[in-house]
Number of protein chains: 2
Amino acid sequence: MSQRIKLEDVAKLAGVSRATVSRVINRRGYLSQRTILKVEQAMERLDYHPNVIARQMHSQRTNLIGIIVPTVGNPFFGELTAAMEHELFKKGYKVLVGDALNDPEKEQRYLRQLLGHQVDGLIIATHNANIPEYQNTNLPIVAIDRFLRSDIPVVYSDNYGGAKQACEALIQRGAKYIIHTDDLSPLNDQDTARRRAYEAVMKAHDRPAITYPSLPDPKQNREALQKIFIEHPEVDAIFTSNDLDAATLLDLAVENGYVVPDQLQIIGYDGTQTTQRLLPRLATVVQPIPAMAKKAIELLEAKLNQQAVPEEVVLSVNLKLGSTVKNYKINGEY
Amino acid sequence: MSQRIKLEDVAKLAGVSRATVSRVINRRGYLSQRTILKVEQAMERLDYHPNVIARQMHSQRTNLIGIIVPTVGNPFFGELTAAMEHELFKKGYKVLVGDALNDPEKEQRYLRQLLGHQVDGLIIATHNANIPEYQNTNLPIVAIDRFLRSDIPVVYSDNYGGAKQACEALIQRGAKYIIHTDDLSPLNDQDTARRRAYEAVMKAHDRPAITYPSLPDPKQNREALQKIFIEHPEVDAIFTSNDLDAATLLDLAVENGYVVPDQLQIIGYDGTQTTQRLLPRLATVVQPIPAMAKKAIELLEAKLNQQAVPEEVVLSVNLKLGSTVKNYKINGEY
DNA sequence: ATGAAAGCGCTAACAG
DNA sequence: CTGTTAGCGCTTTCAT
């Protein structure tokens with residue numbers, strides 16, 4: 001419906017064979033100027049667009065890369081997806097996004113469909129467990145922040161290091177009673193890296209380690225975090241595993257009569273562009289989203305070209321200070 | 001490489017013809033229970049996945065929908081994309097996202113490629129002007145918040161009404177000197193609706209209408225907005241065209257010594273989930289993102305099925321109050 | 001109820 | 001330099 005004209009029509013109008021038209025389109029083989037011109041005029045006149053499907057049929061490649069994320073509605077994954085799309089477009093690929101929505105079943109259905117040659121490669125940035133499809137396929141895959149299989153490379157940012165820096169920054173600023181929040185879906189080592197770093201720093205300074213779970217539902221999460229102030233009124237610092245928790249706690253702090261940062265210091269995690277614009281004052285560990293995207297695509301392309309790739313790549317993070325911690329003017333840039 | 005087994009292999013193993021296997025896969029025509037079983041076992045044993053490209057070759061449909069947005073890194077478009085992806089997945093479509101990045105050239109290149117049957121339909125949510133490709137194609141298209149062509153339906157939210165409500169809320173709360181910020185790329189009527197509403201309300205109340213441009217670059221934008229406090233120190237309320245500006249102004253207000261909301265009231269626009277979590281206190285006009293997504297997909301599907309569709313659909317918005325305006329406790333829910 | 005054969009639109013040997 | 005001829009993997013008449 002949306003496109004009827006085919007190679008043959010162009011060939012007929014130009015008075016050549018289909019093969020010749022194909023050669024002109026792909027600039028392959030020897031062509032005389034005259035035929036090139038004739039063919040191009042014919043294409044122009046007919047407003048011809050090559051049928052991508054038919055081409056793929058032959059090459060068995062789609063130039064499509066699937067990206068599976070929890071949801072592009074989350075700033076971290078939205079920005080990550082955008083950055084990867086940008087890299088991929090430069091290399092001639094288009095992006096098929098799948099929002100897994102923390103729904104393993106959807107992820108699995110999605111994957112099963114993609115496995116039939118709909119994409120040339122896959123980027124996985126979800127944390128759903130037990131998707132057997134990942135184990136059997138030999139589609140080129142790169143994972144972000146998650147181990148899937150021994151021959152699937154993973155791009156991490158330095159979760160342990162970032163969390164360690166954050167916690168030490170709090171201690172250095174006089175925090176005595178530091179609480180942590182964390183998404184508790186520990187599928188692998190990296191998933192718990194931030195918490196392990198927190199616990200290690202607390203231990204090194206002889207302080208108790210108290211971790212509150214971060215819930216997916218905003219309302220429930222708020223209620224759960226509110227308990228911190230009830231159960232640990234002496235809290236004087238919180239290190240959260242993401243910026244959304246930090247924002248909620250910032251708000252709860254006001255409600256509960258804590259002055260930030262004098263009585264309560266807060267450091268978040270992720271540091272997306274969105275957070276930095278919406279909450280410029282928030283101290284947070286900034287993940288290198290553009291670098292992660294670039295590296296992931298680089299690894300994927302290597303796999304697509306059958307080249308060897310490292311098992312994992314770790315990128316360094318950056319502690320951005322802000323007025324939710326003390327002594328900010330001295331150490332911050334702003 | 002990533003998938004070698006084809007219909008023929010299954011047919012051979014099951015001892016039937018390719019046609020029969022095809023029938024089993026698609027549950028078409030008459031099949032005996034016995035053959036169904038045989039074929040399914042063969043598929044299972046070979047871990048067979050139908051080649052999507054070959055199927056598309058025949059049907060000339062890809063079940064792919066292209067979504068073109070400025071960037072999924074922006075919460076509004078990220079959430080909108082996520083919501084549309086969700087709707088589309090339910091209907092069996094997958095989503096090809098293209099970040100236009102306010103780059104008309106990229107948008108054009110992208111489009112040109114999609115025109116060759118790579119997608120069955122298109123959702124356009126960008127505001128780049130002068131892309132001739134939109135004029136000629138007969139691909140089913142639905143636009144969001146933007147007029148493209150007389151036969152391309154548009155889904156709007158009530159920009160004029162939302163802005164009017166916001167401005168009147170400020171006046172009702174005693175604001176005398178209200179300033180507005182707006183992205184100034186007025187491609188059509190709707191693009192300026194928020195500003196026109198602001199100007200109308202100001203006029204109706206005999207107040208001056210002063211609009212500051214909202215710049216795409218965060219740093220430049222901040223500097224530009226800072227001028228408001230220099231050039232109009234008597235400002236006592238600001239209505240912004242998006243929440244990012246509102247956030248920046250909230251921060252600048254503190255820096256410039258204005259107490260919010262006593263000395264300066266602020267109302268933003270968009271009200272994404274992300275903003276509501278990151279800045280729960282912000283008063284803002286909430287766009288009905290899920291409803292917009294649903295409607296857009298509904299219209300697109302109608303077009304895909306050659307059904308008639310309305311020229312435009314306008315959805316209502318919701319003014320969410322918050323402590324960036326006065327008398328919030330009384331009117332707000334929280 | 002199942003098989004044989006003819007495409008879908010394009011590309012790629014192989015001739016000439 | 002250009003045309004002819006086979007497919008790519010699947011679906012779908014048309015027979016049987």
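Chain A is the first sequence line, chain B the second, and so forth, proteins listed ahead of strands; every chain is numbered from 1. All figures in this text were calculated on a predicted structure; none of them were measured in a lab.
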Using side chain to side chain contact (heavy atoms under 4.5 Å, CB included) as the criterion, list what pairs up with D151(B), not counting sequence neighbours.
-> R149(B)
Sort and list the pairs that fulfil salt bridge (charged side-chain N to carboxylate O under 4.0 Å, His left out) and have at least one residue in residues 14-35 of chain A, not counting sequence neighbours.
-> R27(A)-E40(A)
Side-chain H-bond candidate by donor/acceptor type, Q56(A) with N63(A), under 3.5 Å | no
In chain order, what residues pass the ring pair (Phe, Tyr, Trp, His ring centres under 6.0 Å) check against Y134(A), with sequence neighbours excluded?
-> none
OP1 or OP2 of dC8(C) sitting under 4.0 Å from any side-chain N/O of N51(A)?
-> no
With sequence neighbours excluded, residues passing side-chain hydrogen bond (donor to acceptor under 3.5 Å, both in side chains) with D270(A) = Q287(A)
Can you list the residues that meet the side-chain hydrogen bond (donor to acceptor under 3.5 Å, both in side chains) rule with E8(A), with sequence neighbours excluded?
-> none
Sorted by chain and residue number, the side-chain hydrogen bond (donor to acceptor under 3.5 Å, both in side chains) partners of K294(A) (sequence neighbours excluded) come out as none
May I ask you to say what L31(B) touches in the nucleic acid, namely base, sugar-phosphate or nothing, with a heavy-atom cut-off under 4.0 Å?
-> sugar-phosphate
Would you kindly give the CG-to-P distance between N26(B) and dT2(C), to the nearest whole Å?
-> 16 Å
Could you state the atom-to-atom distance from OH of Y30(B) to P of dT13(D) in whole Å?
-> 14 Å
Sorted by first residue and then second, give each salt bridge (charged side-chain N to carboxylate O under 4.0 Å, His left out) pair with at least one member in residues 104-127 of chain A; sequence neighbours left out.
-> R61(A)-D120(A), K106(A)-E85(B), R112(A)-E133(A)
R27(A) CZ to dA12(C) C1', in whole Å, measures 18 Å
Do T35(A) side-chain atoms and L31(A) backbone N/O form a donor-acceptor pair below 3.5 Å?
-> no
What does T35(A) touch in the nucleic acid at a heavy-atom separation under 4.0 angstrom: a base, only the sugar-phosphate, or nothing?
-> sugar-phosphate
Identify all pairs in which a protein N or O lies below 3.5 Å from an N or O of nucleotides 14-16 of chain C, and state each distance.
none

From the list dC8(C), dC1(D), dG7(D), which nucleotide is the closest neighbour of the side chain of S32(A)?
-> dC1(D)
Looking at residues 10-21 of chain A, who's got a heavy atom less than 4.0 Å off DNA chain C?
-> R18(A), A19(A)
Could you tell me, to 10°, how much the axis swings from one end of the helix from dA1(C)-dT16(D) to dG16(C)-dC1(D) to the other, five pairs per end?
-> 40°
Which whole-number value in Å describes the distance from M43(B) CE to dC10(D) P?
-> 11 Å
Rounded to whole angstroms, how far apart are NE2 on H58(B) and C1' on dT13(D)?
-> 9 Å
Using the test side-chain hydrogen bond (donor to acceptor under 3.5 Å, both in side chains), find all partners of N136(A) that sit at least two apart in sequence or belong to another chain.
-> none
So, is R28(B) near the phosphate of dT12(D), with a side-chain N or O under 4.0 Å from OP1 or OP2?
-> yes
Between E8(B) and G29(A), which is nearer to the 5' end of DNA chain D once each is assigned its nearest nucleotide?
-> G29(A)
Provide, to the nearest angstrom, the distance between the CD1 atom belonging to I53(A) and the C1' atom belonging to dG9(C).
-> 9 Å
Which comes earlier along DNA chain C counting from the 5' end, the contact point of I36(B) or that of A54(A), where each point is its nearest nucleotide?
-> I36(B)
Assign S22(B) to base, sugar-phosphate, or nothing according to its heavy-atom contacts below 4.0 angstrom with the strands shown.
-> base
Atom CE of M57(A) and atom P of dA6(D): how far apart are they, to the nearest Å?
-> 18 Å
In short, V155(A) meets L315(A) closest at the heavy-atom pair CG1-CD1, 4.1 Å
How long is the line joining CG of L46(A) and C1' of dG9(C), in whole Å?
-> 15 Å
Enumerate the residue pairs fulfilling ring pair (Phe, Tyr, Trp, His ring centres under 6.0 Å) with a member in residues 55-106 of chain A, sequence neighbours excluded, ordered by first and then second residue.
-> F89(A)-Y110(B)
Return the nearest nucleotide to the side chain of Y48(A); candidates are dC10(C), dC1(D), dC10(D).
-> dC10(C)
